[in-house]
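Values below: every heavy atom of this structure, side chains too, minus hydrogens, waters and symmetry copies. First the proteins, then the strands, lettered A, B, ... as listed; each starts at 1.
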Amino acid sequence: MLVCYFSRGPLFGVRQQIEPDIRPSVSRTVLILAILVATLAIAPFPLNLGIVWLCFSPPLLYVFSTVPETIYEHRAYLMLLGVALIGSWVSQFTPVLVLILLLLLSARTIQRNSRLRTENGFWELAHEESPNHWRPGINHACRLELAGNDHEALRLFIRFMKAPRPVDEIAMQHICALFIKLNQLDDANILLGDRGEAIMRFPNSGAIRKLRGAMLLAQGKTKQAERAFQVAEVLG
Amino acid sequence: MILDIGLLFGLTFLSWLVYLNGINGEFVFDDFGILQALEKQPKEKVFGPRPLPLGIIRSTIDRMIRQHRSLLYATYRRDFSIHGKEQRRGWHATNLNLHSMNVCLVYGLLRAFFPPFSAAIGASLFAVFPLATSSAQMIYGRSSLLCGVFYISGLICALIGGPAWVLVPCFFYYGWLSKQEILMLPVAMALTLWIIR
């Protein structure tokens, strides 16, 4: 849980949205285990029980999962039992502090709800919280494109041109389509021209060939466009 | 007792209050997969992996696998038949009811260690913590909420001890019908009993 997906902010409830690309780190595992054992040894009851409920909760099951699956924060729901117990324990000594924390967390939850209540907001928040991961980013870009925010979508897709397969290909297709849509034919030609980057990188992609045909058609090169469409058909 | 009941009402109100602005929220991401599957086969169980060929223990494992999450999808089918795709409010209300139930159960669990107000503060943290947003707000997050009901109930029974132990296998079974996360219940129970021994 702490090692794999939830090490970057469970106390604040952010950066948890989607983290499919993080791999477990051995050094971090050892460090966290050492801190955990030391804390359990010196922590009084029931604080130690709270730590146990926090760490040995259902999200722990997913640490052992090597399936490249998208992980969501709802799987950490029962981890909050530990947070509740620790909160109760702390409130015996500093109730005001815990009440202030309660108010801040309530405000944060209400704010998150208002953003997560729409599909666009969902992916926007996911991307914001995991800026270095391609999956929320590419989904956010697709949502922007659907919403008609082409320039912003293009800016995001360009960031994912070097992402792992098949995201790079998907990003490239969207970039080419957007260049053609926005009538930026010179830019489209750099990608879809005779020795264009998209053509060179994905020579067997039917979708890229189709986009090349569309670009040639927009440039008025009808014969070449027909040939490109034929190739696209063959490639499927 | 009256104080406990009053605090439980307060906690239920708080759980609803913080999520009220998302009650009409759109279906997002995996929610669409659930809706599509329900539209295709609204009457039957439409989810879950295929049975595994496991020889002698096959029938038991098969049954467990086939039944996995069936309770969860029963709640989805119920919402689908009552509210359809349009009335999202009803779907979200089911989630919020389950979340409120969990908050009340957490209060009961914490009462084993703390006086009423401290337990209520802990349960309030559970109710409003932003990490719970995905479970309480998203339809697909209901699996964790439903599993949580049986997980926390199982822990309470383990703490009560005596005849309450009889209920633990029932909660484990119904937890399994909700989500695989219930597999951590025996571990959590063993560690809890070891610490409080």
Side-chain angles (χ1 to χ4, degrees), chain A residues 6 9-14 16-17 40 45-46 48-50 52-53 56-61 70 72-81 83-92 95 98-99 101-103 105-114 116-123 126 139, chain B residues 14 17-30 102 106-107 109-110 113-115 117-138 140-145 147-148 151-152 155 179-185 187-188 191-192 194-196:
Chain A
F6 304 108
L11 289 177
F12 307 102
V14 295
Q16 309 265 324
Q17 197 59 41
L40 275 176
F45 178 81
N48 52 2
L49 185 60
V52 163
W53 281 356
F56 293 91
S57 59
L60 191 68
L61 289 171
T70 309
Y72 305 105
E73 67 179 11
H74 71 271
R75 292 179 178 181
Y77 180 67
L78 286 167
M79 191 182 85
L80 294 178
L81 276 180
V83 175
L85 195 140
I86 293 168
S88 288
W89 183 76
V90 175
S91 75
Q92 289 180 311
V98 180
L99 284 172
L101 182 68
L102 202 64
L103 282 174
L105 289 173
S106 302
R108 182 89 176 120
T109 301
I110 291 167
Q111 187 197 22
R112 273 171 75 79
N113 286 342
S114 63
L116 287 170
R117 66 199 297 266
T118 63
E119 178 87 351
N120 283 349
F122 177 82
W123 288 115
N139 285 335
Chain B
L14 181 68
L17 189 69
V18 288
Y19 286 102
L20 211 56
N21 64 336
I23 194 84
N24 272 329
E26 291 174 7
F27 291 116
V28 297
F29 196 39
D30 276 358
N102 280 330
V106 169
Y107 175 77
L109 187 65
L110 295 176
F113 309 107
F114 301 103
F117 282 111
S118 295
I121 289 177
S124 306
L125 273 175
F126 186 89
V128 305
F129 207 91
L131 192 61
T133 312
S134 267
S135 316
Q137 168 86 349
M138 309 300 169
Y140 64 79
R142 188 182 296 175
S143 53
S144 295
L145 295 175
C147 182
Y151 186 93
I152 302 166
L155 276 178
K179 199 173 189 188
Q180 71 277 8
E181 286 173 0
I182 200 71
L183 292 172
M184 278 303 283
L185 178 62
V187 180
L191 287 168
T192 304
W194 176 64
I195 286 174
I196 64 168

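Options A/Val90, A/Ile86, A/Leu81 differ in how many heavy-atom pairs under 4.5 Å they form with chain B, and the most are formed by A/Leu81. Top candidate by heavy-atom pairs under 4.5 Å with chain B, chosen from A/Ser91, A/Gly87, A/Pro46, is A/Ser91. Per-residue counts of heavy-atom pairs under 4.5 Å with chain A were compared for B/Gly25, B/Ser135, B/Ala127; the largest is that of B/Ser135. Ranked by heavy-atom pairs shorter than 4.5 Å toward chain A, the options B/Val106, B/Leu17, B/Val18 are led by B/Val18. Chosen from B/Cys147, B/Gly148, B/Ser143, B/Ala123, the residue pairing most often with chain A at heavy-atom distances under 4.5 Å is B/Gly148. Most heavy-atom pairs under 4.5 Å with chain B, from the set A/Pro95, A/Ser88, A/Ala84: that is A/Ser88. Ranked by non-hydrogen atom pairs under 4.5 Å with chain B, the options A/Val52, A/Leu85, A/Leu99, A/Leu40 are led by A/Leu85.
Qualifying ring-ring contact (aromatic ring centres under 6.0 Å, His included) partners for B/Tyr19, counting only residues two or more places apart in sequence or in other chains: B/His99. Among residues two or more places apart in sequence or in another chain, the side-chain hydrogen bond (donor to acceptor under 3.5 Å, both in side chains) test is passed with B/Thr192 by A/Trp53.
Of the atoms belonging to B/Ile152, it is side-chain heavy atoms, and not backbone ones, that fall under 4.5 Å from chain A. Using a 4.5 Å cut-off between heavy atoms, B/Phe117 makes no contact with chain A at all. Proximity to chain B involves both the backbone and the side chain of A/Tyr77, based on heavy atoms less than 4.5 angstrom apart. Interface residue B/Leu110: only side-chain heavy atoms are found under 4.5 Å from chain A. If you measure heavy-atom distances from B/Leu155 to chain A, the contacts under 4.5 Å come from the side chain alone. Residue B/Ile182: no heavy atom, backbone or side chain, is found under 4.5 Å from chain A.
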Quick one, B/Val28 with A/Thr118, criterion side-chain contact (heavy atoms from CB on, under 4.5 Å). Give me CA distance, side-chain angles, the key distance, then yes/no. CA-CA 7 Å; B/Val28 297; A/Thr118 63; over 6 Å; no
Carefully, step by step, assess B/Phe113 and B/Ile196 under the rule side-chain contact (heavy atoms from CB on, under 4.5 Å). CA-CA 10 Å; B/Phe113 309 107; B/Ile196 64 168; 4.0 Å; yes
Does the side-chain contact (heavy atoms from CB on, under 4.5 Å) test come out yes or no for A/Gln92 and B/Phe114, once each step is laid out? CA-CA 9 Å; A/Gln92 289 180 311; B/Phe114 301 103; 3.6 Å; yes
Tell me, with the steps shown, if B/Glu26 and A/Arg117 meet side-chain contact (heavy atoms from CB on, under 4.5 Å). CA-CA 6 Å; B/Glu26 291 174 7; A/Arg117 66 199 297 266; over 6 Å; no
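The shortest distance between side-chain heavy atoms of B/Met138 and A/Phe122 falls below 4.5 Å. A 4.5 Å side-chain heavy-atom check between B/Met184 and B/Val187 finds at least one atom pair inside the cut-off.
For A/Leu116 against B/Thr133, the heavy-atom pair with the smallest separation is CD1-CG2, 3.5 Å.
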